[in-house]
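Protein chains get the first letters and strands the later ones, always in sequence-line order, with residue 1 at the start of each.
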Amino acid sequence: MKKRLILLFMLLNLILTTGCWDMLDINDRIFPYAVGYDFNEDGDKRYNITFSYPNISAMGPDAISEDLVFAITTRADSMFDARHKMTSRNRSPLYFKHLKVLILSEEVAQDEVSVKEIIDGIFRDFVTNNNVKILVSKLSAEELINETLGASRQLAIEGTIYSLLVNQQESVLFHPMDVMEFIENMDLANASTVPLISIDEDIDIEGSAVFKDYKLIGYLQPSEQRALNYINAEITVDSIETKYEDAHLSLMLTGINRKMRLEDSEENLKIKINLEAEGYIHQFTLDDKYKVHDEELLKKLQDAAAKEIKVDIDETIKKIQDMRADLIHAGPYLRMFNPDIWDEVEEDWDEIFRDIDIEVDVRVFIRRRGIIK
Amino acid sequence: MMNQEKKMNKDIKISHLQLRGLIVSIVIGVGVLNMQNPLAEEMGQNGWIAILISGLLTIPMVMLINKVFEMYPDKDFFEVGKAIYGPFFIIIKIVFTLYLLMIAAFVARNLAELVKVFILRNTPLEVILITFILSCIYLASYEIDVIARAGYFMYPIIILFSIVIILIGLPNADWNRVLPLFRTDIGSILRGIRVCFFNFSGIGLIIFMLPFVEDKKKIFKSEVFAISTITLIYTAIFLAVVANFSINQITLINYPVFTLSRRVDLPGYFLENLDGLIMALWVIIIFGTMVPVYYSASKVLSNMFKVKHHAYFVIGLVPVIYLVAMMPDNFIQLTDDMGQYLEYLGLACELIIPILTLVLGVVRKKVGI
């Protein structure tokens with residue numbers, strides 16, 4: 001009898017002590033997926049903060065609402081201040097656990113104090129998702145978010161911007177950057193890129209803004225960002241279009257490998273980067289002259305592709321050296337593998353980085369030629 | 001009465017597997033979540049060196065304790081103490097009581113703080129604290145063999161916890177961050193060892209278990225096995241954290257392991273923000289630390305006041321632990337001030353007292369008093 005009572009008690013426990021952990025059902029929360037910061041020109045609050053969040057009533061088979069996503073703007077000093085102000089306007093509280101995207105307008109990004117505050121808030125808060133992806137917009141964040149609502153591709157529940165950013169198609173024209181990685185880059189190299197978002201009929205994420213000391217200092221064109229992705233070996237798939245003699249060659253790169261090395265040099269620091277990319281031929285030409293079946297032709301094709309890549313890379317390296325932004329992580333490399341030299345140069349690394357020699361050696365290996373010769 | 005107690009004690013048996021499990025579950029506690037922070041502050045990416053050295057240094061510590069019990073076979077901690085210190089044993093008992101109560105309070109308060117911020121945001125801290133202490137009563141009022149069985153039960157959970165953390169760390173890990181190796185000086189290694197030593201404290205509680213272990217000859221082997229397990233877990237977790245964050249970030253983050261678990265972002269929304277899972281496993285780990293400490297504290301007290309069964313003190317200590325745990329006003333007082341006292345008391349209880357006991361014991365044997 002006693003045993004049965006205990007058993008009953010244990011079973012009751014299972015039923016009575018489970019449920020939603022803080023007595024708030026999921027449909028009583030608002031999960032903003034994007035937050036945008038603009039400076040507030042008038043008034044005492046510093047920012048115009050815009051949230052966009054999915055409309056739960058528009059989901060599921062019994063949807064009663066048409067709009068999939070709502071946007072709401074308020075004046076506040078921080079994201080958390082904005083949340084408190086929203087309580088008087090919204091039926092449920094905002095909950096930042098699933099925040100995905102942070103959009104900074106150009107002016108906010110140029111202000112070191114603001115960027116440090118905003119990033120700190122996301123990093124410090126117990127609840128806020130640390131994997132928030134950062135974006136910079138030349139348009140004001142409020143306009144951008146409101147434009148996104150009308151975008152034709154507004155289908156994804158988690159938000160159009162985020163679904164572009166998670167980069168399922170492996171675009172090489174930008175490099176997604178989340179808050180933790182951003183801080184990491186700042187700690188390691190004092191510089192980081194952040195993808196640039198723009199609206200021109202449609203949402204477009206390409207190119208990037210260059211941050212140094214938590215402050216926007218310049219931009220990289222999409223082609224430059226692509227070259228940077230090559231240098232940092234951060235691409236999985238990309239196609240290379242090049243010309244060989246009078247034929248057009250389309251190559252699919254499926255992998256890239258980078259090796260950085262410090263070359264012995266008397267007068268200047270010289271960093272050598274060896275890039276080895278491999279891929280296969282996507283499209284060439286049916287001309288009999290160009291049958292791909294001897295090693296010699298293959299070598300020439302490989303060299304042509306490598307040359308194509310190297311041009312962009314050299315330009316990009318020159319540009320980031322002028323910006324004094326160590327986006328290729330040469331400093332962290334020295335710190336890890338040549339600590340003695342790093343101790344000497346650490347103090348004025350920014351200046352030294354501008355003047356070091358960086359030599360990039362690109363090699364392309366064509367492993368497969370498709371199903372025809 | 002003596003006879004009766006002796007007889008009761010004779011029935012208690014701990015197997016070697018249970019001893020290993022118990023040591024691991026006592027030692028691994030709060031520190032597994034946050035020791036990476038102070039360690040990285042002192043030694044940067046080389047912190048694992050201090051963990052390994054501390055692990056090695058713990059072995060002579062347990063050898064000291066083993067030696068004392070070898071000199072007095074078939075006697076438990078209290079009988080040995082009485083034989084060696086005579087009437088002065090009361091001082092040692094008081095120091096031990098202070099130390100054990102403080103650990104219990106420290107552990108309970110840490111748990112309550114974390115549960116509050118991560119899970120139960122609207123529940124008052126006091127309620128979480130008192131619930132946790134109350135849930136430890138049941139197990140702590142049993143004898144050590146039951147607790148050892150529970151410790152053995154928690155052993156795989158701790159291993160699972162570490163494996164989960166390491167797996168979480170793998171996808172984004174950059175193992176080059178461990179470089180450059182060995183660029184550190186003696187001063188920072190010593191400070192690093194000090195941090196680690198604190199996280200190895202609790203190993204001294206074996207004084208309450210050793211007399212009951214089945215095969216006395218194999219004790220040392222089991223202890224070394226347990227210490228290696230702990231060292232391995234600490235090192236692996238430290239390396240996983242270093243491979244995922246920059247050193248500057250680690251020195252900023254209070255609980256690097258939690259932040260690491262929140263980094264998980266597998267495509268397809270399959271797994272995201274694993275802090276809930278880590279939290280759940282960690283609560284069990286803390287329970288495994290709290291219960292043996294609680295048990296030992298009430299055992300010492302019951303011996304001090306000559307009460308036959310320690311369960312009375314288990315219940316009596318609830319308000320004491322609660323009050324001590326509520327003493328720090330903020331997190332700085334909790335981690336820095338309270339941590340400092342614990343460090344000194346730990347040094348006294350786990351290193352100085354065993355050495356003193358051994359020296360006095362040897363002297364007494366030689367002189368023959």
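The shortest side-chain heavy-atom distance between B:N176 and A:Y333 does not fall under the 4.5 Å cut-off. Proximity of A:I183 to B:Q249: side-chain heavy atoms (C-beta onward) are separated by under 4.5 Å at one or more points. Looking only at side-chain heavy atoms (C-beta outward), A:F123 and B:L252 come within less than 4.5 Å of each other. Proximity of B:R177 to A:R335: side-chain heavy atoms (C-beta onward) are nowhere separated by under 4.5 Å.
Open room surrounds NZ on A:K215; 12 or fewer heavy atoms of other groups in view lie less than 6.0 Å from it. For OH of B:Y152, the number of neighbouring non-hydrogen atoms (other residues, nucleotides, ligands) closer than 6.0 Å is 12 at most. In this structure, B:I186 places its CD1 atom where only 12 or fewer heavy-atom neighbours from other residues, nucleotides or ligands lie under 6.0 Å away. Around atom CZ of A:F337, more than 12 heavy atoms belonging to other residues, nucleotides or ligands sit under 6.0 Å away.
Within residues 127-138 of chain B, no residue has a heavy atom under 4.5 Å from a heavy atom of chain A.
Atom CD of residue A:E184 and atom CG of residue B:N248 lie 11.0 Å apart, to the nearest 0.5 angstrom.
Formation of a donor-acceptor pair under 3.5 Å by the A:N130 side chain with backbone atoms of B:R262 is not found in this model.
Evaluation of the salt bridge (charged side-chain N to carboxylate O under 4.0 Å, His left out) test over residues 105-115 of chain B, restricted to residues two or more places apart or in two chains, returns B:R109-B:E113.
For A:D178, the part sitting under 4.5 Å from any heavy atom of chain B is the side chain, from C-beta outward, and nothing else. With a 4.5 Å cut-off on non-hydrogen atoms, A:D340 touches chain B through its backbone and its side chain both.
Across all non-hydrogen atoms, the minimal contact from B:F245 to A:M180 is CE2-CE, 3.2 Å.
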